[in-house]
Amino acid sequence: MNITRTLMNVAVASAALMTLSACQQTQRENPLLQESSLPFGAPDFSKIQYEDYMPAFEAAIQEQRDNIQKIVDCPDSATFENTILAFEESGRLLDRVSRTFFALVSADKTPEIAEIEKKVQPLLTDLENEISFNKKLFERIRKVYDEQHDSLQGEDQKLLEETYKSFVRMGALLPDDKMERMKEINLRISDLQQQWGDMLPKATNEAVVWVDSKEKLAGLSDADVDQCQKDAESRGGKAPYAIVIINTTQQPLLASLDNRDLRRQVYEASIHRADGTGQFNTFPIVTEIAKLRAEKAEIMGYPNYASYSLEKTMAKTPENVYAFLKSLISQYTPKANAETKAIEDFARQAEGPDFQLQPYDRFYYSAKMKKQLLNVSDDEVKPYFTVDSVLQNGVFYAANRVYGLTFKERTDIPMYHPDMKTFEVIDKDGKTLALFCCDYFRRPTKRGGAWMDGFQKQSRQWGQQPIIFNVCNNAKAPDGKPSLLTWDEVCTMFHEFGHALHGMLSNCQYNSLSGTSVARDFVEMPSQFNESFASIPEVFDHFARHCDTGQPMPVDLKERMLKSINFQTAYALGENLAATCVDMAWHMLPSKDIPTADKAMEFETEALRQVGLLNAQIPPRYSTSYFNHVWGSGYAAGYYSYLWTEVLAVNIADVFAQRGALKPETGQDMRDKILSRGNTGDLMQMFTDFTGMKQPDASSLLKARGL
């Protein structure tokens with residue numbers, strides 16, 4: 001592949017498109033290329049049109065090219081100011097345009113957005129290659145690193161280190177032939193991830209299970225039946241009701257659905273959504289990405305992609321990750337086996353001694369068992385968990401008590417979808433701190449799962465305050481009815497807001513270092529820690545109020561409900577461990593050993609068998625064919641970080657409990673030593689500074705999970 005010719009062709013094509021776009025824009029200014037007049041500089045979605053994105057990307061890409069060329073052509077000797085700071089500033093416009101556009105790619109991917117993404121992604125990959133392998137630019141960066149590193153301090157030194165190391169990890173020190181191959185790999189991976197991002201949401205949407213009568217939905221609450229009817233209508237109405245598949249393997253509705261054959265259909269629709277048994281097959285994409293990642297690592301001198309990827313994390317090596325996982329697996333396995341036996345024994349009391357528990361039965365009989373033993377069910381507690389109350393009286397209330405934040409709803413800042421709400425975040429000194437936006441309800445144009453991102457990161461250098469958003473996939477009740485949540489969904493809202501706090505409380509000089517710009521196995525810590533506030537009595541009592549009466553949850557029900565949180569928690573740990581080991585197995589392979597697409601599922605099965613996690617009753621939370629964290633996001637060889645950071649989070653929660661969980665002094669200490677600091681220091685040292693612990697205590701994890 002002739003990369004130079006390709007880049008020239010792209011440049012010519014871009015120039016032609018810019019000329020055409022310029023003609024189209026004569027009647028109006030492109031709002032993406034102007035400083036927004038809205039508060040905080042928020043993107044003005046009332047003005048942005050689909051046709052604005054391509055011209056904005058083209059202009060922003062060209063601006064960064066020009067800025068990079070100015071750095072390269074600078075006649076003065078390389079310094080921190082004229083090279084590192086200039087590089088930090090070079091892509092500011094592109095950062096703004098990208099953050100606005102890719103928010104929609106994830107949360108509201110209309111056909112128009114999908115088509116633009118196909119055109120944009122290759123341009124961005126070309127630009128990244130141009131910059132990463134610009135020898136003259138890297139020579140200047142290396143000169144500053146070699147000559148000025150020790151004379152710099154604090155964030156300046158950290159920015160220099162991160163800039164230099166990122167270039168080295170991309171291949172800036174490679175010989176020409178290997179550098180050319182790296183460019184080809186980057187381009188191809190980008191293309192494959194684009195294909196993945198298009199295929200998986202379609203596969204998940206098409207996996208919907210159509211139901212022709214209300215009677216078949218016996219066991220579901222009225223609210224859930226209403227949601228099935230609404231989902232059917234929004235997806236073409238092929239039948240009166242539809243059960244929509246969410247991103248994980250197990251489906252929450254299986255806990256209530258009486259019809260066993262329908263439970264089987266839902267489960268099988270989930271696990272087969274993208275494995276080729278239907279119209280979608282992601283395995284060819286998966287295996288090629290895995291092979292290219294392995295080759296990339298080998299070019300860089302590593303035995304496999306996991307070794308390459310983990311070098312920049314807290315864990316450092318695959319050996320450390322596996323040691324961590326094996327210690328959990330050994331303690332978890334007997335508890336999981338006992339849990340499965342208990343559920344099957346319970347089911348046989350009703351179904352007979354020959355009943356064989358299947359994975360689509362587990363949630364159903366576990367829920368009945370919980371109801372019998374603890375006298376509590378999801379349907380009983382959901383009326384006390386409305387989206388609005390959990391947000392205002394729970395998530396926001398805890399942030400006010402701990403960090404002194406208050407939240408004022410803004411209706412004058414348009415967002416990309418009418419379901420969204422926007423809040424001005426005010427600090428305890430009365431000064432405006434950030435903007436927080438939330439998009440909580442599912443729709444066909446939104447990918448599965450929940451996440452945090454930002455239209456704008458905090459940066460003193462850029463004079464920016466953060467504009468942070470949370471996205472979830474909760475069911476939206478019909479008009480006039482409150483939208484109710486399960487306890488897991490309550491915890492997800494607290495979780496994603498923990499990420500939001502990491503972004504909103506950031507107080508860093510540089511955009512590249514601020515907020516959540518930290519290692520994967522640290523970034524999930526603030527979010528997992530924030531979940532702990534959901535069950536603190538004062539917070540719980542404040543948000544757990546009945547949707548009709550506004551009355552708090554009765555004491556007896558609250559005690560039963562909180563006691564049930566750790567009921568049969570081996571499953572949740574097991575599905576996470578299994579997914580983690582699937583991820584690691586794929587990325588421990590050298591390129592020559594990557595299986596072909598038709599052997600991908602066989603490889604997953606054998607990988608789970610080897611670590612003792614092949615368990616039909618507890619499948620991976622995500623199987624290979626729909627593991628978006630690994631193939632479509634930034635968690636390749638990194639899904640372990642959810643468990644790793646849960647240890648950190650539990651340790652930090654223990655410190656809060658000792659000092660006073662809702663004490664402002666404890667919150668301020670957490671803010672000063674961790675949440676405000678982004679990636680400006682050593683992450684383990686931040687953990688130590690707050691907890692006083694030299695190393696995390698993994699034994700706390702199983703205890704916290706009730707195991």
Side-chain angles (χ1 to χ4, degrees), residues 1 3 5-22 24-25 30 32-33 43 45 48-62 64-65 91 93-131 183-206 274 279-289 292-293 416-417 443-448 451 453 625-626 628 630-634:
M1 181 178 180
I3 295 295
R5 181 175 297 173
T6 300
L7 294 176
M8 289 177 63
N9 290 340
V10 169
V12 171
S14 297
L17 285 169
M18 288 180 71
T19 301
L20 176 62
S21 300
Q24 295 172 338
Q25 293 289 317
N30 189 328
L32 290 163
L33 296 176
F45 287 102
I48 298 170
Q49 300 174 10
Y50 288 132
E51 57 265 30
D52 293 326
Y53 286 108
M54 276 306 297
F57 270 111
E58 291 154 2
I61 287 170
Q62 189 57 51
Q64 184 159 24
R65 279 198 180 105
L93 176 59
L94 184 57
D95 181 80
R96 186 174 77 211
V97 174
S98 296
R99 287 183 172 279
T100 302
F101 176 74
F102 284 103
L104 272 64
V105 168
S106 295
D108 199 22
K109 194 172 186 176
T110 62
E112 294 86 353
I113 290 295
E115 193 60 33
I116 296 167
E117 185 191 16
K118 290 179 183 178
K119 299 174 183 177
V120 165
Q121 201 63 58
L123 300 182
L124 294 174
T125 304
D126 282 334
L127 178 66
E128 183 179 17
N129 274 339
E130 287 178 35
I131 294 171
K183 292 177 183 177
E184 294 174 354
I185 290 172
N186 291 341
L187 285 166
R188 183 57 180 159
I189 289 177
S190 175
D191 178 52
L192 290 166
Q193 289 187 317
Q194 171 73 50
Q195 293 178 39
W196 169 273
D198 287 342
M199 186 180 293
L200 184 62
K202 291 177 182 176
T204 305
N205 278 328
E206 286 295 322
Q279 60 179 304
F280 298 100
N281 185 3
T282 61
F283 284 141
I285 299 173
V286 164
T287 51
E288 189 175 353
I289 290 175
L292 290 169
R293 284 175 177 167
Y416 57 78
H417 196 276
R443 52 182 171 269
T445 55
K446 183 188 289 187
R447 70 170 171 85
W451 61 93
D453 210 331
S625 65
Y626 50 92
N628 188 63
V630 171
W631 309 116
S633 190

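Atom set for the values below is all heavy atoms of this structure, side chains included, hydrogens, waters and symmetry mates excluded.
In terms of heavy atoms, Arg96 sits closest to Leu32 at NH2-O, 3.1 Å. Residues Leu200 and Ala274 approach most closely at CD1-CB, 4.4 Å, considering heavy atoms. Residues Pro444 and Asn205 share a closest heavy-atom pair of O-ND2, 3.1 Å. In terms of heavy-atom proximity, Tyr416 sits nearest to Ala107 at OH-CB, 3.3 Å. Of all the heavy atoms in Val97 and Ala60, the pair that sits closest is CG2-CB, 4.4 Å. Nearest heavy-atom pair across Pro55 and Asp52 is CD-O, 3.4 Å.
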Can you give me every donor-acceptor pair (side chain of residues 114-121, partner residue at least two apart or in another chain, under 3.5 Å) with its distance?
| residue | atom | partner | partner atom | Å |
| --- | --- | --- | --- | --- |
| Glu117 | OE1 | Lys109 | NZ | 2.9 |
| Glu117 | OE1 | Gln194 | NE2 | 3.2 |

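Inter-residue side-chain proximity for Trp196 and Thr282 is flagged as met; some heavy-atom pair is nearer than 4.5 Å. Between Pro43 and Ile48 there is a side-chain heavy-atom pair separated by less than 4.5 Å.
Atoms NZ and OG1, from Lys183 and Thr125 in turn, are 13.5 Å apart once rounded to the nearest 0.5 Å. The CZ atom of Arg99 lies 5.0 Å from the CG atom of Asp95; values are rounded to the nearest 0.5 Å. The CG atom of Asn129 sits 6.5 Å away from the CG atom of Asp126 when rounded to the nearest 0.5 Å. The CD atom of Gln64 sits 9.5 Å away from atom CG of Leu93, with the distance rounded to the nearest 0.5 Å. Rounded to the nearest 0.5 Å, atoms CD1 (Ile61) and CG (Leu124) are 4.5 Å apart. Of the inter-residue distances, the one linking Leu104 atom CG with Ile113 atom CD1 reads 4.5 Å to the nearest 0.5 angstrom.
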Exercise for review: For the pair Met54 and Leu123, evaluate side-chain contact (heavy atoms from CB on, under 4.5 Å) and give the outcome as yes or no after the intermediate values.
Suggested key: CA-CA 10 Å; Met54 276 306 297; Leu123 300 182; 4.1 Å; yes

**Request:** Determine, stepwise, if the pair Tyr50 / Thr110 fulfils side-chain contact (heavy atoms from CB on, under 4.5 Å).
**Result:** CA-CA 10 Å; Tyr50 288 132; Thr110 62; 3.1 Å; yes

Can Leu127 and Leu94 be said to form a side-chain contact (heavy atoms from CB on, under 4.5 Å), step by step?
-> CA-CA 11 Å; Leu127 178 66; Leu94 184 57; 3.5 Å; yes

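Residues meeting the side-chain contact (heavy atoms from CB on, under 4.5 Å) test with Gln195, sequence neighbours left out: Arg188, Asp191, Leu192, Ile285.
A ring-ring contact (aromatic ring centres under 6.0 Å, His included) check over residues 100-129, counting only residues at least two apart or in different chains, returns the pairs Tyr53-Phe101, Phe57-Phe101.
In this structure, the side chain of Arg443 does not engage the main chain of Asp108 through any donor-acceptor pair within 3.5 Å. Although no hydrogens or angles enter the test, the distance criterion places no donor-acceptor pair under 3.5 Å between the side chain of Ser190 and the main chain of Asn186.
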